[in-house]
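Only a predicted model underlies this, so the values are computations on that prediction, with no experimental measurement involved. What's counted below: heavy atoms across the whole structure, side chains too, no hydrogens, waters or symmetry copies.
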Amino acid sequence: MTSLISISMLQTALEQGCILALVTLALYVSFTTLNLCDLATDGTFTLGCALCAQVALMGHPFLSLLAGVAVGAVSGFINAFLQTRLNVQSILAGIIINTGLYTVNLAVMGLGSKGGFASNVNMNKAVTIFDLAKQYLRPVVGDWYKLAVLGTVAVLAALAIKWFMGTRLGLSVRATGDNADMVRASSISPAFTITVGLCIANALTGLAGGLQSQYQKSCDINIGTGMVTIALASLIIGQTLVGSRGGVGRRIFGVLLGSALYRFIIALALRLNMNANCLKLVSAIIVAVAIASPGVKKWIALQKHKMQTKAARKGRM
């Protein structure tokens, strides 16, 4: 068991889990709170990754993260505009934006190149926030400096979302997902609350993409492929562990827990020499099992109740 689970594996899983937690938080806002299917997650993640890489190459590691947040918010605004002003269904709006962002991402990655388009960006010459953390934090926390940075960002983002959900605007966003007609009757525009929610969600996704680019010092056009499925798996795992009841803080804790656990499962699968090409299938199976588990539990409880009822009837006879 000790050879199967190592400290380095656990460290890497936690680091990647912190990045994934930001995308899962984004789905918590859009999918769980607003009850919308934001399928633009993959393209927005890649967009944040690409723009952050380009800005970091210019010598601005911190500004690059803000650029990722800003461009993610813009993607969310366009998504909301399609849904609220042009009456496009959320699924179709996400597909449209995700398709369009593919070309946009190629163009962003190709900034400064001769052809104008590129499918990857090399950041080996760029100074990242992790290079700075290695210089200033490594003497304090050792090799855990990357986790210290990513963990701080994830926790601060989680606390910010928890605080926002408790504000008047945040309560309006939550109410929109529960009953948009009630919100409209309260003289609050559902279009505005949807726009705010999607901008926040996609800003988190853009930030996650920016951190990913600086974490691995590269960016690829396919880096965001399947990200919505991975984040959905983490979200459902967290909800299954902490339950659907409870306050916002408990659910957000489930988001963080589910993200870390998902990355640990993937790291464990790779440790068992699983082919990397099978990871998408593993993600799909995890999502299916997590979604089906509540229904399976209810079915098992119903069968137990039927068996107890039959036993009680036989006892009376």
Side-chain angles (χ1 to χ4, degrees), residues 19-20 22-31 34 36-58 63-113 115-123 157 194-216 218-235 280 283:
I19 298 176
L20 175 60
L22 296 174
V23 187
T24 311
L25 276 173
L27 279 190
Y28 169 77
V29 175
S30 61
F31 181 75
L34 282 174
L36 296 174
C37 297
D38 187 6
L39 296 184
T41 301
D42 294 4
T44 303
F45 184 87
T46 306
L47 179 61
C49 181
L51 186 59
C52 179
Q54 292 291 358
V55 178
L57 285 171
M58 298 177 185
L63 183 61
S64 65
L65 295 178
L66 295 179
V69 172
V71 77
V74 171
S75 175
F77 179 82
I78 298 174
N79 194 347
F81 180 82
L82 290 175
Q83 296 183 41
T84 60
R85 302 302 179 187
L86 302 182
N87 296 323
V88 180
Q89 294 183 358
S90 60
I91 295 178
L92 294 177
I95 293 174
I96 291 171
I97 292 177
N98 205 34
T99 303
L101 283 179
Y102 187 85
T103 302
V104 174
N105 293 333
L106 289 174
V108 172
M109 292 183 191
L111 290 175
S113 62
F117 294 91
S119 60
N120 57 73
V121 179
N122 191 326
M123 297 178 61
I194 289 174
T195 301
V196 170
L198 288 178
C199 285
I200 292 175
N202 284 269
L204 288 170
T205 304
L207 175 61
L211 287 172
Q212 184 67 42
S213 67
Q214 295 200 32
Y215 178 78
Q216 65 183 27
S218 65
C219 179
D220 184 80
I221 189 62
N222 296 317
I223 194 171
T225 303
M227 186 56 64
V228 64
T229 305
I230 296 172
L232 181 61
S234 304
L235 180 63
K280 300 298 182 182
S283 300

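- Counting only heavy atoms from C-beta outward, the side chains of L51 and S64 never approach each other to under 4.5 Å.
- The side-chain heavy atoms of I223 and Q216, taken from C-beta on, include a pair separated by under 4.5 Å.
- Between F117 and T103 there is a side-chain heavy-atom pair separated by less than 4.5 Å.
- Heavy atoms of other residues, nucleotides or ligands lying less than 6.0 angstrom from OH of Y215 number more than 12.
- Take V69 and apply the side-chain contact (heavy atoms from CB on, under 4.5 Å) test, not counting sequence neighbours, and it matches A203, L207.
- Partners of S75 by side-chain hydrogen bond (donor to acceptor under 3.5 Å, both in side chains), not counting sequence neighbours, listed by chain and number: T44.
- With a 4.5 Å cut-off on side-chain heavy atoms, L20 and I230 count as touching.
- The CG atom of L204 sits 11.5 Å away from the SG atom of C199 when rounded to the nearest 0.5 Å.
- Judged by distance alone, with hydrogens and angles left aside, the side-chain atoms of Q212 form no donor-acceptor pair with the main-chain N or O of I19 at under 3.5 Å.
- A 4.5 Å side-chain heavy-atom check between I200 and V196 finds at least one atom pair inside the cut-off.
- The 12-atom threshold is exceeded at CG of L63, counting heavy atoms of other residues, nucleotides or ligands nearer than 6.0 Å.
- Distance check: Q83 CD to C37 SG gives 9.0 Å after rounding to the nearest 0.5 Å.
- Taking CG of L22 as the reference point, atom CG of L211 lies at 6.0 Å (rounded to 0.5 Å).
- Side chains of N98 and D42 form a contact here, defined as non-hydrogen atoms less than 4.5 Å apart.
- Interatomic distance, I221 CD1 to N105 CG, rounded to the nearest 0.5 Å: 4.5 Å.
- Note that CG of L47 and SG of C52 are 11.0 Å apart. Values are rounded to the nearest 0.5 Å.
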Item to complete: Evaluate side chain to side chain contact (heavy atoms under 4.5 Å, CB included) for L198 paired with F77, printing each intermediate quantity in order.
Response: CA-CA 7 Å; L198 288 178; F77 179 82; over 6 Å; no
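- Put simply, the side chain of M227 does not reach to within 4.5 Å of the side chain of T46, judged on heavy atoms.
- You'll find the side chain of Q214 reaches within 4.5 Å of the side chain of L65, heavy atoms only.
- From S213, atom OG reaches atom CZ of F45 across 8.5 Å, with rounding to the nearest 0.5 Å.
- Between the side chains of N79 and D38, a donor-acceptor pair is found at a separation under 3.5 Å.
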